[in-house]
Colleague: 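Quick one: the structure is below, and I'll ask about it shortly.
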Amino acid sequence: MTPPRVRFAPSPTGFLHVGGARTALFNWLFARRHDGVFVLRIEDTDAERSSDEMVTGILDGLRWLGLDWDEGPDVGGPYAPYVQSQRLEKYRAAAQSLLASGQAYVDEGAIRFRIPPGKTTFVDEVHGLIEFDNEHIESFVILRSDGHPTYHLSVVVDDIDMAITHVVRGDDHISNTPKQVLLYHGFGAPTPQFAHVPLIMGSDKKRLSKRHGATSVLEYERQGYIREGMANFLALLGWSPGNSDQELFTMPELVQRFTLDGISGGNAVFNTEKLDWFNHQQLLRLPDEELLSRVEPLLREENLWDPDLTGTMFGWMQAVLGLLKPRAKRLTDYVEGLRPFLDAPIDYDPEAAQKYLGLAGLHGHVLALRQAYEETPFDEASLEQTLRQLADARGIKAGALIHATRIAMTGRMISPGLFEMLVLLGPARVLARLQALAHFLA
């Protein structure tokens with residue numbers, strides 16, 4: 001096929017949300033699959049609600065997802081400018097051309113497009129043939145009395161001017177399409193191929209909104225998701241790779257597999273548990289050094305990062321991250337998991353203390369374990385053997401001492417494998433924390 005030209009055209013009246021991000025991703029994948037051009041255009045004709053801050057947020061969100069644009073703000077291109085507020089004269093001239101040809105008329109200072117009789121049809125890549133009876137389409141305003149264009153005029157003028165071949169956007173735009181098709185005809189321009197993708201719904205089957213949790217892409221970044229997990233999750237919201245059962249994809253794999261034919265006609269449900277699963281799987285795929293580089297900024301924010309982390313300490317940190325991998329679904333989970341290794345003193349979770357620190361004589365058992373560990377080689381097998389032998393000798397269950405030791409080390413009921421953790425914490429920390437727990441129990 002001829003290399004396509006597609007566009008993502010957000011309105012900077014809000015930050016980039018997951019619905020817009022998924023639309024951008026589909027456009028980007030389609031362009032990259034067919035060696036096409038991905039255009040970013042900012043539709044900011046709503047001057048009162050648009051802001052530079054929102055534009056920055058949208059660009060940052062796209063970059064975080066790993067999406068780059070071939071033409072658009074800050075990169076330019078042959079059809080610049082790519083910001084609608086800088087293209088107003090083009091829209092006014094286009095409206096005047098329709099007025100001159102008799103396809104538009106003036107009504108109370110505004111210019112309206114005249115609807116011809118008959119039907120308007122177009123073939124949608126997702127939904128097939130769609131037909132509208134023109135008698136149900138009102139003669140709509142294309143240029144307001146203040147000289148500003150409406151959405152229908154500006155989007156069509158821009159898509160014609162920028163030679164857009166495919167318009168991939170949300171299902172909520174289907175009702176806009178017949179008006180835009182009529183405008184393409186009015187300008188004597190070819191109509192692009194439309195593909196309307198299913199909307200993203202919350203678990204209650206209602207359109208995704210703030211009540212379903214964070215919807216800003218950058219908010220998900222702050223919550224510890226990584227671009228690989230979010231992009232993989234979004235790609236499979238309303239798109240399928242065909243007969244394959246494969247769920248985990250790299251970006252190059254998505255580019256290789258993506259087709260408009262794979263887009264489903266039904267709405268997709270945003271499931272946070274599924275997002276967590278994708279994120280966890282993609283975190284497991286990161287090389288150790290890359291994982292540490294992703295965690296580092298979060299540790300710095302919490303004042304937990306050692307700027308002198310080199311050599312042996314660097315290897316130790318990677319080993320700790322490896323210990324946390326089975327449970328960590330987000331980067332923030334790594335931060336919390338690392339905290340006991342980097343932060344002291346330990347605060348005991350009240351629920352954990354109530355459940356596991358009430359055993360009679362536990363103070364003496366903990367002191368005895370501390371003393372025994374002073375003479376124990378610090379490897380997993382030796383540390384476990386010492387604890388179990390001590391518990392047996394003192395007539396208590398090993399589990400009781402294991403739980404107490406876990407709380408001494410982390411303050412929590414749940415942690416990675418205890419004896420692996422003790423080895424990485426090292427003798428000094430382990431002995432000090434057992435002493436602190438004994439003091440707490442005294």
Side-chain angles (χ1 to χ4, degrees), residues 6-10 14-33 38 40 57-69 125-126 166 168-173 195-203 205 207-210 212-242 244-283 285-286 294 329-331:
V6 298
R7 48 74 165 176
F8 177 57
F15 291 112
L16 181 67
H17 55 78
V18 294
R22 196 272 308 267
T23 297
L25 176 63
F26 281 5
N27 277 280
W28 185 88
L29 290 172
F30 182 64
R32 295 293 174 262
R33 167 73 188 275
F38 178 59
L40 176 62
I58 290 169
L59 269 56
D60 288 347
L62 292 172
R63 291 191 185 101
W64 175 69
L65 274 175
L67 307 184
D68 57 340
W69 45 98
E125 290 280 356
V126 178
H166 293 72
V168 182
R169 59 188 182 184
D171 267 354
D172 51 334
H173 283 284
H196 289 93
V197 303
L199 299 180
I200 300 177
M201 301 295 184
S203 56
K205 301 301 194 301
R207 188 168 178 179
L208 196 67
S209 67
K210 291 181 180 178
H212 297 105
T215 53
S216 162
V217 166
L218 292 177
E219 180 61 28
Y220 284 102
E221 180 191 18
R222 284 188 284 272
Q223 290 183 9
Y225 292 98
I226 60 173
R227 63 174 63 92
E228 293 87 347
M230 178 59 80
N232 195 162
F233 172 70
L234 288 178
L236 294 177
L237 278 181
W239 173 79
S240 168
S244 171
D245 292 329
Q246 182 179 353
E247 288 191 286
L248 295 176
F249 294 90
T250 63
M251 275 296 220
E253 288 172 335
L254 285 172
V255 168
Q256 184 181 18
R257 299 287 295 277
F258 186 82
T259 64
L260 295 180
D261 292 344
I263 297 176
S264 149
N267 290 328
V269 176
F270 189 96
N271 184 319
T272 303
E273 291 181 2
K274 191 68 173 176
L275 171 58
D276 283 342
W277 182 84
F278 276 109
N279 206 64
H280 176 61
Q281 297 300 319
Q282 293 291 355
L283 280 168
R285 289 180 158 201
L286 293 181
R294 303 280 186 101
K329 296 177 181 178
R330 310 178 189 181
L331 292 175

Colleague: Is R207 salt-bridged to D171, going by a charged N under 4.0 Å from an acidic O?
Modeller: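 Looking at R207 and D171, the cut-off is not met.
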Colleague: Say you draw a straight line from CG of L16 to CG of D60; how long is it, rounded to the nearest 0.5 Å?
Modeller: 10.0 Å
Colleague: Would you say M230 and W64 make side-chain contact, with heavy atoms under 4.5 Å?
Modeller: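 Counting from C-beta outward, M230 and W64 do come under 4.5 Å.
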Colleague: For the pair N27 (side chain) and V168 (backbone), establish whether a donor and an acceptor sit closer than 3.5 Å, ignoring hydrogens and angles.
Modeller: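 Indeed, once roles are kept as given, a pair shorter than 3.5 Å links the two residues.
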Colleague: For the pair E273 and K329, find out whether any cationic side-chain nitrogen is under 4.0 Å from an anionic carboxylate oxygen.
Modeller: no
Colleague: What distance do W277 atom CH2 and N271 atom CG have between them, rounded to the nearest 0.5 Å?
Modeller: 12.0 Å
Colleague: Drop me the distance from F8's CZ to F26's CZ, to the nearest 0.5 angstrom.
Modeller: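 Here the interatomic distance stands at 12.5 Å.
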Colleague: Flag the pair R169 / R7 as yes when at least one side-chain heavy-atom distance between them is below 4.5 Å, and no otherwise.
Modeller: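 Sidechains of R7 and R169: in contact.
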Colleague: Is the side chain of W239 donor-acceptor paired with the backbone N or O of T259 at a distance under 3.5 Å, no angle test?
Modeller: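 Checking the backbone N and O of T259 against the side chain of W239, a donor-acceptor pair under 3.5 Å is found.
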Colleague: Taking the side chain from W28 and the backbone from D68, do they hold a donor-acceptor pair closer than 3.5 Å?
Modeller: yes
Colleague: Would you mind checking if R330 and E221 are paired as a salt bridge, meaning a charged N to carboxylate O distance below 4.0 Å?
Modeller: no
Colleague: For the residue pair H173 and V197, establish whether any side-chain heavy-atom pair is separated by less than 4.5 Å.
Modeller: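 They are not in contact (no side-chain heavy atoms under 4.5 Å apart), so the answer is no.
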Colleague: Is a donor on one side and an acceptor on the other found under 3.5 Å between the side chain of R33 and the backbone of F258?
Modeller: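 Side chain of R33 to backbone of F258: a pair is present.
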Colleague: Judged by atom type as modelled, is there a donor-acceptor pair below 3.5 Å linking the side chain of N232 to the main-chain atoms of T250?
Modeller: no
Colleague: For F233, run the ring-ring contact (aromatic ring centres under 6.0 Å, His included) check against Y220, F270, Y225 and tell me which one passes.
Modeller: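 In the set Y220, F270, Y225, the residue that makes a ring-ring contact (aromatic ring centres under 6.0 Å, His included) with F233 is F270.
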Colleague: Would you compute the distance between atom CG of N279 and atom CD of Q223 and round it to the nearest 0.5 angstrom?
Modeller: 10.5 Å
Colleague: With heavy-atom distances below 4.5 Å as the criterion, would you say the side chains of N267 and I200 are in contact?
Modeller: no
Colleague: Would you call F15 and I58 a side-chain contact if the rule is heavy atoms closer than 4.5 Å?
Modeller: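 Result no, sub-4.5 Å side-chain heavy-atom pair not found.
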Colleague: Looking at E253, I want to see if its CD is surrounded by more than 12 non-hydrogen atoms of other residues, nucleotides or ligands under 6.0 Å.
Modeller: yes
Colleague: Quick one: does any side-chain atom of T23 pair with a main-chain N or O of G19 as donor and acceptor, under 3.5 Å?
Modeller: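 Between the backbone of G19 and the side chain of T23 there is a qualifying donor-acceptor contact (under 3.5 Å).
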Colleague: Is the shortest side-chain heavy-atom distance between R257 and P241 below 4.5 Å?
Modeller: yes
Colleague: Are H17 and V217 packed together at the side-chain level, in the sense that at least one heavy-atom pair is separated by less than 4.5 angstrom?
Modeller: no
Colleague: How many angstroms lie between CG in L67 and CG in L40, if you round to the nearest 0.5 Å?
Modeller: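 Reported value, rounded in 0.5 Å steps: 10.0 Å.
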Colleague: Nearest 0.5 Å please: distance from the CG atom of L286 over to the CG atom of L331.
Modeller: 8.0 Å
Colleague: Any side-chain heavy atom of E247 within less than 4.5 Å of one from K274?
Modeller: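 SC-SC contact between E247 and K274 confirmed.
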